[in-house]
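Written below as structure tokens is the structure these notes are about.
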2 protein chains.
Amino acid sequence: MHVRCTQCVLRRQPAFIQKSDEEVALIDSLKSEHMTVEAGVEFIHPEQADSELYTLFSGWAFRYKELSDGRRQILSFSLPGDLLGLQGTMFGKSVYGAIALTDIQLCVIPRRRLARLFERVPEVAYEVTWLGARSEAIVDENLLNVGRRGAAERIVALICSLYKRAEPLGLVVDGSFELPLTQQHIADALGLSLVHTNKTLARLRADGLFSISGGRLVVRNLRGLSRFAQHFEEEFVPRPII
Amino acid sequence: MHVRCTQCVLRRQPAFIQKSDEEVALIDSLKSEHMTVEAGVEFIHPEQADSELYTLFSGWAFRYKELSDGRRQILSFSLPGDLLGLQGTMFGKSVYGAIALTDIQLCVIPRRRLARLFERVPEVAYEVTWLGARSEAIVDENLLNVGRRGAAERIVALICSLYKRAEPLGLVVDGSFELPLTQQHIADALGLSLVHTNKTLARLRADGLFSISGGRLVVRNLRGLSRFAQHFEEEFVPRPII
DNA sequence: CGGCCGATTGAGTCGGATCAAGGTAGGTGG
DNA sequence: CCACCTACCTTGATCCGACTCAATCGGCCG
């Protein structure tokens, strides 16, 4: 079940900076192996020591933190090509949890190989840092969203941002893509209650800018959505993949 | 006015991992020079191309984003030793702004030296990545705070987190330290309105767990504050400084 | 069929926003 | 020395968006 990086179809997507065969072979040598996680399973635990560094190869996941009384905040969603577990790798223990939204596959870069990577392959080390910075940029955007937008705007901004990330991955077909989120996930990501999320979604759907059915999100008017939510970030930039 | 890293008193603080003289000399050679910015001045602009990488040497600053209609969200506060501008350095343009809260001094690591740094000094490159991950961890925490805590808890959690960061920098004397924030800053950081921030602060002050006067924050009962806000993060870990 | 999970809807409440006035202290210029 | 300005803090009244509680519904699975 181990896909060699040299055979990897994901990295051919327009989302990613294309690498030479030698570079890809080199990255391949850094990986230990693929790992499969079923939907709903937590694969990085809060407080977990010594988590590995992962590249999400297929499927969706999310990172979250929670308070001791159970209130949960989703920090960010992860799509294919995203790096996961960098904090855990750096600090020696993770401060957030990560759960698979769909069945997923992870490419594993063993924690102990990372220092070696920095020594021997500076270009790839640079890309790790790049992806770390991008990951922060996504959280920055989420914080702006939760801190300063109203409920409807928040939902729309989330949809815009996911659409714009899914698109260069080739996940969007005819303006629609699989959205493996329950309304509870959306609420947890946006700092809203489930009930209010549901009612706001219903109102937005009635406006016809988008629709969700059967786990599929259909975006009818991305421009309109972006304007409504004042969401003008994340113009597409090809990014590294490791 | 250029302080050599070899003479730097900041890096002797217990907050930081101590380096050998050779390492420090090496970092010194990476810096171009010190730069001074007055309180209130924006030194990283949203959309700015080619920002440099900075280490905040003295004073406080904050990073922010805003919506086109003016609503502003403070993403994180920066204290001495923190890295600033990594996103701008990686992506070629910054997506947030940064403003000095006090007069500050910045050590400048020229953007164009960064790739060279990764090639020649992998240990320091690793530390850049480490600090980038830490920066994300701080935003993660802020997102949890804004998304899931009530107003009073938010303020208390902010105070806890700033206290715990200021302490190992030697800024805390007798349980109190300079807090160069207006209530507007606090509101912008916590996703609250100015008025509500003011009223909530008044109520909290009356409870006597802390007090603010003359730009100085006095914490009387850190344990009590932490419990109230369910803030149990950020136990102290020595960190790199560049 | 029963149980479970997710989506939905209504009623009532409340936290935090907005609007509108002050108040205070430091800073400037006549 | 005083009048004025500006930046920040404070307080009261009112409103509304979002929360909680509670019930129902539909689809899926054993």
Once you round it to whole Å, what is the distance between [atom2] of [N] and [atom1] of [X]?
X: Gln183(A); N: dT9(C); atom1: CD; atom2: C1'; value: 12 Å
X: Arg203(A); N: dA7(C); atom1: CZ; atom2: P; value: 17 Å
X: Leu201(B); N: dT11(D); atom1: CG; atom2: C1'; value: 14 Å
X: Arg71(B); N: dG17(D); atom1: CZ; atom2: P; value: 13 Å
X: Leu194(B); N: dT10(D); atom1: CG; atom2: C1'; value: 10 Å
X: Asp69(A); N: dT20(D); atom1: CG; atom2: P; value: 11 Å
X: Leu204(B); N: dG16(C); atom1: CG; atom2: C1'; value: 14 Å
X: Arg149(B); N: dG16(C); atom1: CZ; atom2: P; value: 14 Å

Within the 3.5 Å criterion, strictly below it, is a donor on [X] or [Y] matched to an acceptor on the partner's side chain?
X: Thr89(B); Y: Arg111(B); result: no
X: Ser94(B); Y: Gln48(B); result: no
X: Tyr96(B); Y: Glu136(A); result: no

Looking for any heavy atom pair under 4.0 Å, which part of the strands does [X] touch: base, sugar-phosphate only, or nothing?
X: Thr182(B); answer: sugar-phosphate
X: Leu192(B); answer: sugar-phosphate
X: Gly40(A); answer: nothing
X: Gly191(A); answer: sugar-phosphate

Which of these nucleotides, dA17(C), dC19(D), dC21(D), is closest to any side-chain atom of Ser193(B)?
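Output: dA17(C).
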*Which of the following nucleotides, dA18(D), dA17(C), dA22(D), is nearest to the side chain of His196(B)?*
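Of dA18(D), dA17(C), dA22(D), dA17(C) is nearest to the side chain of His196(B).
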- Query: Using 30° and 60° as the class limits, which term best fits the ring planes of Trp60(B) and Phe177(B): parallel, tilted or perpendicular?
  - Reply: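 Rings of Trp60(B) and Phe177(B): parallel, under 30°.
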Subject >> Separation of Phe57(B) CZ from Leu10(B) CG (nearest 0.5 Å) >> reply: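 Going from the CG atom of Leu10(B) to the CZ atom of Phe57(B) covers 6.0 Å.
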Is there a donor and acceptor pair, one atom on the side chain of Lys199(B) and one on the base of dG12(D), closer than 3.5 Å?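 Pair found.
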According to a strict under-4.0 Å criterion, is [X] in side-chain N/O contact with OP1 or OP2 of [N]?
X: Asn198(A); N: dT8(C); answer: yes
X: Arg205(B); N: dT10(D); answer: yes
X: Gln184(A); N: dA7(C); answer: no

